[in-house]
Chemist: 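Okay, handing you the structure first.
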Amino acid sequence: MKLGTSAIIGGLLFALAIFVGLFAPWLAHTDPVMGANLMNAEEPPSWIWWFGTDAQGRDIYSRVVHGARISLTVGIVSQLVNSIIGVTLGLTAGYWGGWWDDVVNGLTNLMLAIPSLIFALAIMAVLGPGLTSLLIALGLTNWSFTCRIARASTLSLKSQGYVQAARVLGYGDLRIMITQLLPNMVGPIIVIGTLGMGGAVLAEASLSFLGLGIRPPYPSWGSMLSEARDQITTAPWLSVFPGLAIFLTVLGLNLLGDGLRDVLDPQSRSRRT
Amino acid sequence: MTAAPLIEVEDLRIDLDDGANHVAAVEGVSFRIDRGETFGLVGESGCGKSITALALIGLLRRPLSVAAGAIRFEGREIQRLSAAEQRALRGNRIAMIFQEPMTALNPVSPVGRQIAEMFVLHKGKGWREANQLAVEALANVRVPAPERRVKDYPHQLSGGMRQRVMIAIALACDPDLLIADEPTTALDVTVQAEIIELMRNLCAERGTAILMISHDLGLVANVCRRVGVMYAGRIVEERRSDDIFSACAHPYTQGLVDSLPRLGSRAALGRSRLREIAGVVPAIADFPAGCRFNPRCAQATEVCRTTAPETTWLGAGGLVRCHHHA
Ligand SMILES: Nc1ncnc2c1ncn2[C@@H]1O[C@H](COP(=O)(O)OP(=O)(O)OP(=O)(O)O)[C@@H](O)[C@H]1O
Ligand code: SF4
Ligand SMILES: [Mg+2]
């Protein structure tokens, strides 16, 4: 497999974000919430305060580092939930067809008709802010593309010789889905999942910015931006660094997704073999 | 032939119902295969060989269905079995290999795993034991260095090797019947002969019966003890392979025999030019009335165009369906 430049750059950016999130407690200089000290309020970036400090004197660098944990947890977990829902629905709908296919198609079209952020917003409004409701809201609202891809792949794979052969060999439906269909569609599912993860990081930021996601004082990138709103002219570093973190993470995921698409694309694969 | 047959097909009719048409694609097909016996079905493309085979394993789907007749495996009617009972037969007691070794293997799964899956699925083995059995199964089909080959993906193997893997999968559970539907058409000639020989030897060792399907009468007669010749959804002649060249009774069979390239003694008879049967197989929707072969038959008379010929029993278990059989 030959990875393109975009996949490598994207992969490195994503790996960096994961690394930062995993080792946040060791990378951070101060406690992201309790490390307030009014003596150091609104310091601009310097050798001591890499990303500056906020109005309460908290170290922005430490907060951005801890924010990676929250943003990535939301991105990864919610997209995982979306992928599982999408694959389960799409695969079974494509395989069995009939009324179940109609139901899944209707549901997918409904999800596609409503912007998923609006849908998530509504769920958040009901569940209230917090990490768990964020995971639920984002995990339940962005599976439609995965579902479409899984269904379309199933429809085209169903007529493949090895799926027919499996039936002749006595495989049951579930075994056919798991051994013959699923492994042959992971490529596009991973691509959609990677792009979706970027979307979820953005959605988390948007919801937290609106005060519906992670609430201050906890440091998610979105909630930091939300807090920094009023000081954007007086202390721009408060917005720049969390903004940059979001930008680089989402950029990384999108580059990675696009790069993987080129590698995993079934057509380019069959050309090589 | 006193023992109960392994599989018995009686007056099978397969209907094709695609909304617009409702026609019989296969009609009045009967044959039996005893344990360890070899039987071949021969006929031109579209005469219904493959769908007959699919009916045997209960896998006809939507536009096609078994409309009449019975298929009995060890005396049990296949259509009466539950879906789970049918699945337990498939791959386990009745196995099948197909024409396309290129596409019949899962491209993203190592071949060893695909063989091992059969032991897990039908024999209730654990994966560790199944993987060992898979190596043995590959060794049985004469794949060199099987313990390394099991880790290969299908695209790393040649066509002949893949067909060997298919045979290993099909014979993994020691089935009673192996259905081979044009098993070698996609392979080149030298590999073809090897694969056929391998299949025949393995089945003979294990006492596995073979139902071989092909449009190549020479090949089928070579592998099988008895041959059924199909034309337009019907078996028009059934004979022992030994008799079919010397004493075939149906004009269509005669046509097939004449179209074979002649070798050795028969070439010496001076009829070495290949002869094709004129015309084409009619489409299902417009099978002619009477004998379905009549538009292409040199011996056809008035009765052939109006009345379908009855079965005539010949000696030695042969049968023919023709008003003017030899
Ligand atoms: N799924 C299907 N839908 C509609 N018609 C079908 C279907 N499968 C087979 N048929 C028709 O049934 C007839 C018999 O097909 P079958 O595949 O059994 O032929 P065959 O004898 O195996 O030919 P070949 O040598 O080409 O494999 C053909 O006319 C074919 O068009
Ligand atoms: S029944 Fe008539 S048309 Fe049919 S094969 Fe015999 S002679 Fe030919
Ligand atoms: Mg066929």
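Letters A, B, ... are given to chains in the order of the sequence lines, protein chains preceding strands, and every chain is numbered from 1. Keep in mind that what you see is a predicted model, and the values were worked out from it rather than measured.
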Chemist: Name all residues meeting the side-chain hydrogen bond (donor to acceptor under 3.5 Å, both in side chains) criterion together with Ser82(B); count only those two or more places apart in sequence or in a different chain, and write none if there are none.
Modeler: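 By the side-chain hydrogen bond (donor to acceptor under 3.5 Å, both in side chains) rule, Ser82(B) matches Glu85(B).
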Chemist: I'd like to know which of Asn92(B), Leu121(B), Leu105(B), Ile94(B) tops the heavy-atom pair count under 4.5 Å against chain A.
Modeler: Leu121(B)
Chemist: Can you check whether Asn184(A) reaches Pro107(B) side chain to side chain, under 4.5 Å on heavy atoms?
Modeler: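 The answer is yes, as the side chains (C-beta and beyond) meet within the 4.5 Å cut-off.
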Chemist: Just by distance, do the side chain of Asn106(B) and the backbone of Thr179(A) share a donor-acceptor pair under 3.5 Å?
Modeler: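 Side chain of Asn106(B) to backbone of Thr179(A), a donor-acceptor pair under 3.5 Å: yes, one is there.
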Chemist: Heavy-atom distances under 4.5 Å only: say whether Ile57(B) touches chain A with side chain, backbone, both or neither.
Modeler: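 Side chain only.
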Chemist: Of all heavy-atom pairs between Val168(A) and Arg90(B), which one has the smallest distance, and what is that distance?
Modeler: O-CB, 3.3 Å
Chemist: Counting neighbours of CZ on Arg80(B) that are heavy atoms of other residues, nucleotides or ligands and sit closer than 6.0 Å, is the number greater than 12?
Modeler: no
Chemist: Other residues, nucleotides and ligands only: do more than 12 of their heavy atoms fall within 6.0 Å of CZ on Phe145(A)?
Modeler: no
Chemist: Taking C-beta and beyond as the side chain, do Tyr171(A) and Glu117(B) meet within less than 4.5 Å on heavy atoms?
Modeler: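 Counting from C-beta outward, Tyr171(A) and Glu117(B) do come under 4.5 Å.
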Chemist: Could you give the distance from CD (Gln86(B)) to CZ (Arg167(A)), rounded to the nearest 0.5 Å?
Modeler: 13.0 Å
Chemist: If the condition is side-chain hydrogen bond (donor to acceptor under 3.5 Å, both in side chains), which residues does Arg164(B) pass it with, not counting sequence neighbours?
Modeler: Glu194(B)
Chemist: Which heavy atom in Ala104(B) sits nearest to a heavy atom in Ala165(A), and how many Å separate them?
Modeler: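 For Ala104(B) and Ala165(A), the tightest heavy-atom pair comes out as O-CB, 3.7 Å.
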Chemist: Would you check, one step at a time, whether the test side chain to side chain contact (heavy atoms under 4.5 Å, CB included) holds for Met118(B) with Leu169(A)?
Modeler: CA-CA 8 Å; Met118(B) 298 303 290; Leu169(A) 294 171; 3.9 Å; yes
